[in-house]
Amino acid sequence: MPDLALLAVFIPTFFFVSITPGMCMTLAMTLGMSIGIKRTLWMMIGELVGVALVAVAAVMGVAGIMLNYPQLFEALKWVGGLYLGYIGVQMWRAKGKMAKLDDQSDSISNGALISQGFITAIANPKGWAFMISLLPPFINVDKALAPQFIALLSVIMFTEFVSMTAYATGGKSLKVFLTRGDNIKWMNRIAGSLMVGVGLWLALG
């Protein structure tokens, strides 16, 4: 298991990464509004499998660097911290527009929904960048790697599922909230502030 202090920082950090409106969350909301929460679960299955694949691939790469190139791992922590700070600044500067998706049809098959979720997850370069930059700093090299990876992956999967479910069930009410006034802008600023703070903590810690 990771240190409790690290988990206490990782959980809210990834929560804000996950809950901030993006392609996967907007897709969940759009499908929830058009075909209902039950059928949207098929898309969520594909998305979670894609996220897990990205996370495992990132973790395997990180593990190889940790074991064979410890100095490079320290550099990766710095790069990760700086990247999070950069993302935080970009979120502060964001104009607060939701991602746009094509209208969905009731005729779409369950298999197509799974594929849509999976492709959306693995084709998102920001998802890869977040995983590669977020995971290394939260790993304690003095402890067994596998239990830490399992714990972090469990947090990632649970957070993604909860976030997508919130968007899918929120439907029109959530869309109205997000598009009203500066709500998305403030959500981005809260998440951006957290990203900058965590980035500094990781780079200087």
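Note: hydrogens, waters and symmetry copies are ignored here, and every other heavy atom, side chains too, is used.
In the hydrophobic cluster analysis, where Ile, Leu, Val, Met, Phe, Trp and Tyr join through side-chain heavy atoms closer than 4.5 angstrom, I45 is grouped together with V56.
With values rounded to the nearest 0.5 angstrom, I156 atom CD1 is found 11.0 Å from F149 atom CZ. Summarising the geometry, atom OH belonging to Y167 is positioned 8.5 Å from atom OG belonging to S18; distances are rounded to the nearest 0.5 Å.
Checked against side chain to side chain contact (heavy atoms under 4.5 Å, CB included), F118 has the following partners two or more places apart in sequence or in another chain: V49, L53, I122. Partners of E47 under the side chain to side chain donor-acceptor pair (under 3.5 Å) rule, at least two apart in sequence or in another chain, do not exist in this structure. With sequence neighbours excluded, the residues that form a side chain to side chain contact (heavy atoms under 4.5 Å, CB included) with I37 are A168, T169. For T159, the side chain to side chain donor-acceptor pair (under 3.5 Å) criterion is met by no residue, not counting sequence neighbours. Residues satisfying the side chain to side chain contact (heavy atoms under 4.5 Å, CB included) criterion with I114, sequence neighbours excluded, are W42.
Summarising the hydrophobic clusters (Ile, Leu, Val, Met, Phe, Trp, Tyr; side-chain heavy atoms under 4.5 Å, direct or chained), the residues clustered with F158 are V162.
Counting heavy atoms from C-beta outward, T120 and M43 have side chains that stay 4.5 Å or more apart. At least one side-chain heavy atom of N110 sits less than 4.5 Å from a side-chain heavy atom of L113.
Nearest heavy-atom pair, L153 versus A55, reported as atom, atom and distance to 0.1 Å: CD1-CB, 3.6 Å.
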